[in-house]
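Keep in mind that this is a model prediction, so the values were computed, not measured. Letters A, B, ... are given to chains in the order of the sequence lines, protein chains preceding strands, and every chain is numbered from 1.
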Amino acid sequence: MSTGLFVVQVLNGLQFGVLLFLIAAGLTLVFGVMDFINLAHGVQYMLGAYLAVAFYALTGNFLIALVLALAAALLFGLLLEFVVFRHLYDRDHLEQVIATFGIIIFLNQAVKTVWGAAPLTLPIPEIFSGSIVLMPGLLYPVWRLVIIASGLVVAVLLYVLVSRTRVGMLVRAGATNARMVSALGVDIRRLFMVVFGFGTMLAAFAGAMIAPILSVEPGMGDTVLILAFVVMVIGGIGSMRGAFLAALLIGLVDTLGRSFAVDILRLVMPPSPARTVGPAIASMLIYVLMALVLYFRPAGLFPARGR
Amino acid sequence: MTRSKLFVTVAAAALFSVVVQAQAQEKLKIGVIATLSGPPAVLGQQLRNGVQLAVKDLGGKLGGREVEVIVQDDELKPDVAVSKAKALIDRDKVDFVVGPIFSNILQAIFKPVTDAGVILISPNAGTSNFAGKECNANFFVTSYQNDQAFGVAGKYAQDAGLKKIFLIAPNYQAGRDALAGFKSFYKGEIADEVYVPLGQLDYSAELAKIAAASPGAIYVFLPGGMGINFVKQFRQAGLADKTVFLSAFTVDESTLPAQQDAAVGFFGGANWAPNLDNPQNKKFVAGYEKEFGAVPATYAFQSYDAVLLIDGALKLTKGNVTDKDALRAALRKADFTSLRGSFKFNTNNYPIQDFYLVKVAKRSDGKFQTEIDKKVFTNFADLHAKDCPMK
């Protein structure tokens with residue numbers, strides 16, 4: 001194991017973490033502010049990827065496709081809020097889970113009907129299609145750097161938006177005590193609608209940005225949804241700062257575990273069982289981490305204040 | 001005889017003749033069990049399309065009998081598959097069941113179908129247990145025994161003298177079988193073996209390991225969406241230009257529409273490719289593309305062959321499916337012209353056939369397909385047939 005490889009794997013871990021944060025950000029926002037469990041976040045992420053592919057086919061320009069996809073996702077998010085979600089805010093979590101699970105099934109099937117079951121692809125935008133040499137023989141696509149940068153920008157943007165603007169103040173107030181905010185003359189329903197639409201847009205943004213690296217297929221949101229929930233639980237439910245740090249932590253733990261578990265186990269056991277046990281342990285690591293966090297800090301690493 | 005009695009008699013006679021006619025014209029029923037929901041639906045669709053195209057090409061008749069195809073979605077859930085298979089047998093009274101795609105579904109429906117005396121034809125899943133000890137006279141396979149497909153790249157790597165091979169597969173039974181299958185033919189140096197969690201999205205950690213090991217070739221078994229992600233990222237990492245890419249079920253016509261240029265020049269192992277040069281295959285590929293707007297993969301061709309197999313057998317039995325012994329004997333003769341050319345059944349009802357190294361290419365019309373690179377095995381029989389009690 002060389003130092004070079006270790007550094008590369010740390011970078012890979014951070015990049016995976018940022019990717020997870022992009023997905024978990026919208027989920028955290030919606031849950032933190034509205035106390036609403038949105039299982040449909042994963043399919044909204046999938047929809048973002050599909051919309052980007054569709055608009056790219058129409059326009060041939062990634063940037064325009066991205067903007068159009070975000071706009072369409074926002075509209076769709078508002079529509080979903082109007083038709084389904086606003087009737088669920090006052091219900092308990094179980095009913096929210098069941099309703100949003102229904103949306104998962106519906107949208108997965110709808111996507112298959114519209115675009116077919118075959119996976120689709122989105123090319124990396126021309127100007128970012130280059131790569132840099134990270135270590136001898138390994139190129140690092142510039143697009144991955146763009147994803148890292150966009151994740152950091154989203155993090156900063158959310159931080160400023162939530163803690164430095166008037167809307168952010170209302171959002172925080174609404175999260176703490178929605179009734180009181182409403183009594184003070186703020187239209188809390190509209191605020192929720194805006195937050196929800198924004199959350200959908202964040203999910204779609206993640207989907208569109210990741211589409212050039214991952215395959216775009218029905219059900220692509222279901223796997224990431226679980227990871228996004230793990231991020232949220234470890235970080236402290238509803239805490240944006242927690243989600244960011246937890247995403248990086250999970251990215252690092254998962255990537256380093258996958259990279260070095262077998263090598264480490266080889267020090268204490270013969271190579272053949274190490275090869276079998278290593279990956280099993282590596283894929284459990286983030287869940288073990290979650291269990292430990294839940295045991296020692298049931299509210300997560302960085303619990304949101306006022307909850 | 002009174003008028004009314006006469007009327008009744010005539011009516012009864014007429015009714016009787018109608019019943020007899022109905023029996024003579026009763027349709028042959030084929031049940032199809034395929035995965036048509038979830039991400040792997042694209043494979044199930046190829047299966048269904050292959051069956052339907054074959055029936056259409058044969059003019060809607062198999063061995064002279066009108067045929068009705070009943071399609072069921074197994075949802076990739078064994079329990080669902082069993083209840084759908086039972087419905088096909090008990091309610092629809094099908095004569096044949098064609099399916100499924102996945103091995104775990106085959107394990108589930110095998111007993112209910114074969115125990116009911118219905119012929120089960122698998123156009124894809126070919127597990128080792130049903131090739132060996134648990135082989136069954138009512139079970140036929142038009143694909144291959146799974147180990148054979150895994151072995152093709154191994155045999156090629158051994159023959160070509162490739163050195164330092166890096167192996168990667170998901171951490172589950174089929175993944176371990178894939179690497180074992182490769183190693184049963186490849187005896188050279190192995191750079192490393194890496195198992196990844198099933199459904200992994202991002203392979204940057206593994207790609208860094210591959211780059212650090214700088215292998216001469218890699219052998220990949222990452223089916224479906226995993227393979228699409230891996231192939232794209234492998235190409236983006238710049239590893240594709242200096243590493244030979246060998247694979248099984250990772251680059252084929254079901255994944256190529258998403259992998260596109262990233263997969264060009266990559267190798268797989270198969271019993272067929274769309275450009276396999278014989279007249280019946282050319283007609284099939286052209287017909288499939290016209291009908292469904294996509295290039296067929298092995299799933300489609302093996303399903304097409306399954307219907308040809310039924311047609312050939314029914315011609316021998318003159319459309320009779322009630323005499324099961326005669327029907328089974330006719331099926332075993334495999335009296336049809338397979339799209340792959342040479343085809344015959346081994347004692348375990350699995351095929352003896354040729355296997356090829358196939359290479360991904362971009363066609364002049366911009367679509368992608370695998371093409372025959374070289375023949376790796378000739379008349380290759382699986383190793384489990386010796387354990388099968390059938391002779």
Side-chain angles (χ1 to χ4, degrees), chain A residues 1-2 4-5 8-9 11-13 15-16 19 108-109 112 116-124 129 131 133-141 143-144 210 212-220 222-224 227 251 254-260 262 271-272 275-276 278-280 282-284, chain B residues 35-46 170-171 175-176 179 192-214 224-233 235-239 241-243 253-262 293-294:
Chain A
M1 186 202 312
S2 67
L5 183 59
V8 169
Q9 298 296 37
L11 187 70
N12 282 330
Q15 179 237 301
F16 187 48
L19 199 143
N108 271 335
Q109 197 58 40
K112 204 191 296 171
L120 302 176
T121 194
L122 186 64
I124 292 181
S129 62
S131 47
V133 180
L134 217 49
M135 56 187 254
L138 182 68
L139 301 177
Y140 198 74
W143 185 249
R144 285 182 182 266
I210 293 163
I213 292 185
L214 303 183
S215 74
V216 179
E217 58 185 347
M220 68 184 280
D222 304 352
T223 31
V224 301
L227 287 173
D254 186 56
T255 305
L256 294 180
R258 262 160 44 204
S259 320
F260 301 117
V262 175
S272 177
R275 246 183 228 129
T276 329
S283 54
M284 280 192 294
Chain B
T35 305
L36 295 167
S37 49
V42 85
L43 311 182
Q45 287 170 358
Q46 291 245 358
N171 194 20
R176 286 186 288 274
L179 299 197
D192 202 353
E193 272 175 59
V194 169
Y195 290 103
V196 300
L198 197 60
Q200 180 167 317
L201 304 168
D202 193 7
Y203 293 89
S204 45
E206 287 75 17
L207 292 172
K209 277 190 128 174
I210 294 172
S214 67
M226 290 193 291
I228 295 171
N229 291 337
F230 182 82
V231 162
K232 280 167 86 173
Q233 293 166 14
R235 175 74 67 177
Q236 286 166 0
L239 292 163
D241 300 327
K242 51 192 170 228
T243 319
E253 288 72 20
S254 69
T255 58
L256 284 174
Q259 290 160 332
Q260 302 194 340
D261 289 301

So which part of [X] gets closer than 4.5 Å to some heavy atom of chain A, the side chain, the backbone, both or neither?
X        : answer
B:Asp192 : side chain
B:Ser214 : neither
B:Ser37  : both
B:Gln259 : neither
B:Leu36  : backbone

For the student: nearest non-hydrogen atoms of [X] and [Y], plus distance:
X        : Y       : value
A:Ala117 : B:Gln45 : CB-NE2, 3.7 Å
B:Ala208 : A:Leu5  : O-CD1, 3.6 Å
B:Ser204 : A:Gln15 : OG-OE1, 4.2 Å

Which bit of [X] comes within less than 4.5 Å of chain B, counting heavy atoms only: side chain, backbone, both or neither?
X        : result
A:Ile213 : both
A:Ala282 : neither
A:Ile124 : side chain
A:Pro218 : backbone

Polar contact flag, side-chain donor to acceptor under 3.5 angstrom, B:Lys232-A:Ser215 | no
Can you name the salt bridge (Lys or Arg N to Asp or Glu O under 4.0 Å) partners of B:Arg176, sequence neighbours left out?
-> none
Hey, are B:Asp202 and A:Arg258 close enough for a salt bridge, meaning a charged N less than 4.0 Å from a carboxylate O?
-> no
Does any non-hydrogen side-chain atom of A:Thr121 lie less than 4.5 Å from one of B:Ile228?
-> no
Please answer whether the main-chain N or O of A:Pro212 pairs with a side-chain N or O of B:Gln236 as donor and acceptor at a distance below 3.5 Å.
-> yes
Determine the option with the most heavy-atom pairs under 4.5 angstrom with chain A, choosing from B:Ala211, B:Pro197, B:Gly225, B:Ala237.
-> B:Ala237
Comparing B:Lys242, B:Glu206, B:Gln260 against chain A, the one with the most heavy-atom pairs below 4.5 Å turns out to be B:Glu206
Hits for side-chain hydrogen bond (donor to acceptor under 3.5 Å, both in side chains) against B:Asn229, two or more places apart or cross-chain, chain-then-number order -> none
Kindly compute the distance separating CG (A:Leu214) from OH (B:Tyr203), expressed to the nearest 0.5 Å.
-> 9.5 Å
So how far is it from B:Leu201 CG to A:Leu227 CG, rounded to the nearest 0.5 Å?
-> 7.0 Å
Go through A:Gly4, A:Gly219, A:Ser259, A:Gly13 and name the one with the most non-hydrogen pairs under 4.5 angstrom from chain B.
-> A:Ser259
